[in-house]
Protein chains: 2
Amino acid sequence: MTKIEVLLVEDQGMVLGALAALLNTEPDITVAGTASNGRAALDLMTKKPPQVLVTDIEMPQMTGLELAAVVKERFPKTRVVILTTFARPGYLRRALDAGAQGYLLKDRPAAELAEAIRRVHRGLRVVDPDLAAEAWTADPDPLSDRERQILQRAGDGMSTADVARELSLSEGTVRNYLSESIAKLGVSNRIEAARLARSKGWL
Amino acid sequence: MTKIEVLLVEDQGMVLGALAALLNTEPDITVAGTASNGRAALDLMTKKPPQVLVTDIEMPQMTGLELAAVVKERFPKTRVVILTTFARPGYLRRALDAGAQGYLLKDRPAAELAEAIRRVHRGLRVVDPDLAAEAWTADPDPLSDRERQILQRAGDGMSTADVARELSLSEGTVRNYLSESIAKLGVSNRIEAARLARSKGWL
DNA sequence: TTGTCAGCATGACAAATGTCATGTGAGAAG
DNA sequence: CTTCTCACATGACATTTGTCATGCTGACAA
């Protein structure tokens, strides 16, 4: 029997090691390698591409979504499963656009990971059902590029003046974009706007 | 040989299962039970207290810090190890106050978990060295109770008026506390103040 | 070609936020 | 028993933030 070769990518060492231990208890799966960021993962893959790549999203150097996009292009045979804490429709959409075959939440029971890897290896898609349902009904990102760009900075605590300087806009303009964003998101100030947008995966 | 009995508490199912798999590969450790929040953990403990309790901090129902405090009181023989993502001096201090013998970061290599459990079981303390060093030099929480209370709400996007209503204060008073907090933290608005305070573990 | 619609940009005005001077009482230090 | 300090509380004033009316441009459909 040939085992399914998996490459694990996750920035928290403890979780990475634990997931490896978990997968190694499965008779038909073997952890062929581990990496703690996207760059390291790509280095490993050039030597020997695995059949399935399991990756977190939020990591230093290169996010899992960026990694998925590169893998789709350079290693089209490798299937990608995103494994993340975040149930954000925006992330799911971007993951699927980036060519991921699976999107799984860390909330789910541990048994689902191995099962998802098997399904994806067989050529099926695996998406967390609750999140898929939500994404179906969910409103698409209403923000324009400029609005996103400005809301991001404002949400990090930059003042209107700071943002205006960095983007070479007048303060009035920056305030206006924020006002637009606030209205589009149906909230009442920049703080809530940034929080809501982040929670949906739009920033 | 009698194995060390461990109770694992962690709200993310995937991580919980993976950590259990990891610990079960150790010959001298056995996972006696798992729970996904503080309440469930206490229920299990009343039946059979484990020798070591390993818990995450941020969980629904009851945080790991609250759990540690209850365990110290009701099950003084059980040693507690906090296992968390957050390298926040404020959390460490509170964990030690709550009677935890260990404070470990999920960033660290997987091997350190088993080692930490063994040490704590032997009666030693285990604290992440970098974090311990930082906590030593780190400034203590400069905020008063009122300031914390108000900064928390403001950081969640509540307006001055909302906060004033909820706490039965005048708006001027609320603004003043925020101004004080902003000055104490050396930042320039409520957003940065809340972010900084959170990152230090003060909220 | 001509609407019309969306994103981009601005400034005047209104509303919310931040600062400061001031006052109170409780507890520690002298 | 003062005197000091610190948390708590407030309102007047200054600054920043949010809203609105307005104009420009390019894309796309009629």
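Basis for what follows: all heavy atoms, side chains included, without hydrogens, waters or symmetry-related copies. Just so it is clear: chains get the letters A, B, ... in the order the sequence lines come, proteins before strands, and each one is counted from 1. What you are looking at is a predicted structure, and each value in this text was computed from that prediction instead of being measured.
Atom CG of A/Asp145 is separated from atom P of C/dA6 by 16 Å (rounded to the nearest Å). One atom, CE of A/Met158, and another, C1' of D/dT17, lie 15 Å apart when rounded to the nearest Å. Rounding to whole angstrom units, CD of residue B/Glu171 and P of C/dT17 are separated by 8 Å. Between B/Tyr177 atom OH and D/dC6 atom P the separation is 15 Å, expressed in whole Å. Atom pair A/Arg190:CZ and C/dT17:P shows a separation of 11 Å (rounding to whole Å applied). One atom, CZ of A/Arg165, and another, C1' of D/dT16, lie 14 Å apart when rounded to the nearest Å. Rounded to an integer number of Å, the gap from CG of B/Leu167 to P of D/dT10 is 11 Å. Protein atom CG of A/Leu178 is 14 Å distant from nucleotide atom C1' of C/dA16, rounded to whole Å.
The listed nucleotides are C/dT19, C/dA9, D/dT19; the one nearest the side chain of B/Ile182 is C/dT19. Proximity note for B/Ser144 (side chain, C-beta onward) versus D/dA7, D/dG18, C/dG7: the nearest is D/dA7.
Between B/Glu10 and B/Lys106 there is a salt bridge, since at least one side-chain N of the basic residue sits less than 4.0 Å from a carboxylate O of the acidic one. We find that A/Arg118 and A/Asp28 are joined by a salt bridge, their nearest charged nitrogen and carboxylate oxygen being less than 4.0 Å apart. Checked for salt-bridge contact, A/Arg108 and A/Asp130 meet the test: a charged N lies under 4.0 Å from a carboxylate O. Ion pairing between a basic and an acidic side chain is recognised when a charged N comes within 4.0 Å of a carboxylate O; A/Asp162 and A/Arg165 show such pairing. Ion pairing between a basic and an acidic side chain is recognised when a charged N comes within 4.0 Å of a carboxylate O; B/Lys3 and B/Glu26 show no such pairing. Under 4.0 Å is where a charged nitrogen must lie from a carboxylate oxygen, and between B/Asp156 and B/Arg198 at least one such pair does. Taking the charged nitrogens against the carboxylate oxygens, B/Arg148 and B/Asp145 do have a contact shorter than 4.0 Å, which makes a salt bridge.
Comparing the helix axis at one end of the helix from C/dT1-D/dA30 to C/dG30-D/dC1 with that at the other, each defined from 5 consecutive pairs, gives an inter-axis angle of 30° (nearest 10°).
For D/dT10, one of the phosphate oxygens OP1 or OP2 lies less than 4.0 angstrom from a side-chain nitrogen or oxygen of B/Thr173. Look at A/Ser188 and you won't find any side-chain N or O under 4.0 angstrom from OP1 or OP2 of D/dG18. For the OP1/OP2 pair of C/dA16 and a distance below 4.0 Å, the side-chain nitrogens and oxygens of B/Thr160 include no atom meeting the criterion. Within the structure, a side-chain polar atom (N or O) of A/Ser170 is placed less than 4.0 Å from OP1 or OP2 of C/dT10.
Nearest-nucleotide assignment on DNA chain D puts the 5′-proximal partner with B/Glu147, out of B/Asn189 and B/Glu147. Toward the 5' end of DNA chain C, the nearer of the two residues A/Lys184 and B/Glu180, judged by each one's closest nucleotide, is A/Lys184.
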All N/O pairs under 3.5 Å across the protein-nucleotides 20-28 of chain D interface:
unit_1: D/dC20; atom_1: N4; unit_2: A/Asn176; atom_2: ND2; d: 2.7

If you apply the rule side chain to side chain donor-acceptor pair (under 3.5 Å), what do you find for A/Arg190 with A/Thr160, and how did you get there?
CA-CA 11 Å; A/Arg190 57 177 69 191; A/Thr160 307; 2.9 Å; yes
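One N or O on the side chain of B/Glu147 and one on the backbone of B/Ser144 form a donor-acceptor pair closer than 3.5 Å.
For A/Arg88 and A/Tyr91, the positive end sits near the middle of the six-membered ring, less than 6.0 Å away and at most 45° from its axis.
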